[in-house]
Amino acid sequence: MTQRILEAADIESLDPSAIPRIRMPERLAVFAPRAARLRQLASRGNPIAGYLRLMAALADAQQAVLAHFKAQPPSPELIASAQQYSMPLIPALSGARDPAWRDVLLQLLDRIEAAGPPLTPPLVALFARLRSLDVAALEAQADAIFAQRFADVDPASAPFIMAALQVVWTDLAADIDKRAVPYLDTPGLCPVCGSHPVASTLRIGGAYDNYRYLQCGLCATEWHMVRSKCSNCDSTKGIAYQVAGSPDADAAAREAESKNAALKAESCDECHTYRKIGIQAKDYEFDPFADDLASLTLDLLMGAEGYRRASPHPWLWPEQTAGAAETEGDESA
Ligand SMILES: [Zn+2]
Ligand SMILES: [Zn+2]
C-alpha cells in the first residue's frame, strides 16, 4: 500500500462538515502573484493600465523587501489577552505599531525608482515629499488610514504608506497559527488585525472548494463567510449581484454576461453598500486586491445605481473635495 502524507488541508477535507475558517497568508505568496495579476489586468485594455503597472511595481517592491524583513511580533501576553476577549490578535487601529514600517516605506520607494516604470514629475515630487516627512507626520497618516478618516488621508501618498504597513502585517500574520485566531463578534472584520476586507473570492480546490473567503486589505488573511450574506452589515436580505457588462446588451445577453462574469459586485439593500466577489472557477488567477483595484468601471456602475463601497480600496482613496463627506446619501433626484 502506498504511503500518503496528508496535508492539514487534506485532512480537513475528509470531514465535509469542517469548513476551513481561516486561510493564513504565506509570506512570499501574497505580493508576487498580486504584481503579476496587476500586470495581467493592465494588459487587457484597462483604462487605468499605466496606474496598474505602477502599482505592480509597488507590489514587486513589497515582495523584495519582505524577503529580507522580520517584524517585531506581539508579546505572548498581548496574544493571550486578545484571545481571551475575542479581539484581533495584532490590531491595526489600537495596537502598538512596529516603527520599522517607516524604513520599509523608504525601501519601497528606492526599489520602485530602481526597477519600476520611469516616474512622472508628480511622482518624483511625491516621493521627495514622502522622504521628507518626519515621524509624527508619517504616523499621523498611518493613523488616519487605519481609522478611515477620509479628510485626513492624503490620497496620493496613501498607497505607498499602506504598502509599507502591509509588508509588516503580512509578515506577522504569516507566522500565526490559524488555530490561535479568535472568533470576533464582528464577522466583517479581519480576526487577525481588525481591518476591513478588500473583496472576497469564491475559491476552488481542496478544502476551500466552493467556499467564499473575505481577504483582509492589510494583512491578507482570509476568513470564511457564507455566501449571500452582506460582509458589511451581516444581512441576508436584499443581496444582489451586478456585473460591468456592455451597456447596449439586451436582457438575454445581460443574463449571459452575468452568468459568465468572474467578477461581480455584491450589493446589499439593507446598508446600501457593495463589495466585489471573484469567482475563481471562472478566472483562476483572480486576486481580490488586484481585481478590485482594476475594476473601476464596476465601481462607477454601482455608484450610479446608488450604492457606495463598504470600505475604500487600501490603495485608492477618494479625493476629498470641500463638503464631499456631508453630501453623501443626499438623494435629491
Ligand atoms: Zn488583517
Ligand atoms: Zn449590508
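Values below: all heavy atoms of this structure, side chains included; hydrogens, waters and symmetry mates excluded. Each ligand, and each atom within it, is numbered from 1 in the order the structure gives.
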Checklist entry - So, His272 and the Zn ion (ligand 2): N/O/S under 2.8 Å, yes or no? => result no
Next on the checklist: Nearest 0.5 Å, please: how far is CG in Asp154 from CG in Leu130?
Outcome noted: 7.5 Å
Next on the checklist: I'd like to know if Asp60 pairs up with Arg111 as an ion pair, taking the criterion as any Lys NZ or Arg NE/NH1/NH2 lying under 4.0 Å from an Asp or Glu carboxylate oxygen.
Outcome noted: no
Next on the checklist: Using a strict threshold of under 4.0 Å (side-chain N to carboxylate O), is an ion pair present between Glu285 and Arg44?
Outcome noted: no
Item to check | Opening angle between SG in Cys190 and SG in Cys193, taken at the Zn ion (ligand 1), to 10 degrees | outcome: 110°
Next on the checklist: For the metal site, I want the angle between atom SG of Cys219 and atom SG of Cys216 with the Zn ion (ligand 1) at the apex, to 10°.
Outcome noted: 110°
Next on the checklist: Test ring pair (Phe, Tyr, Trp, His ring centres under 6.0 Å) on Phe146 and Trp169; report intermediate values, then the result.
Outcome noted: CA-CA 13 Å; Phe146 283 161; Trp169 257 271; 5.5 Å; yes
Checklist entry - Once rounded to 10°, what is the value of the angle centred on the Zn ion (ligand 2) between Cys230 SG and Cys233 SG? => result 110°
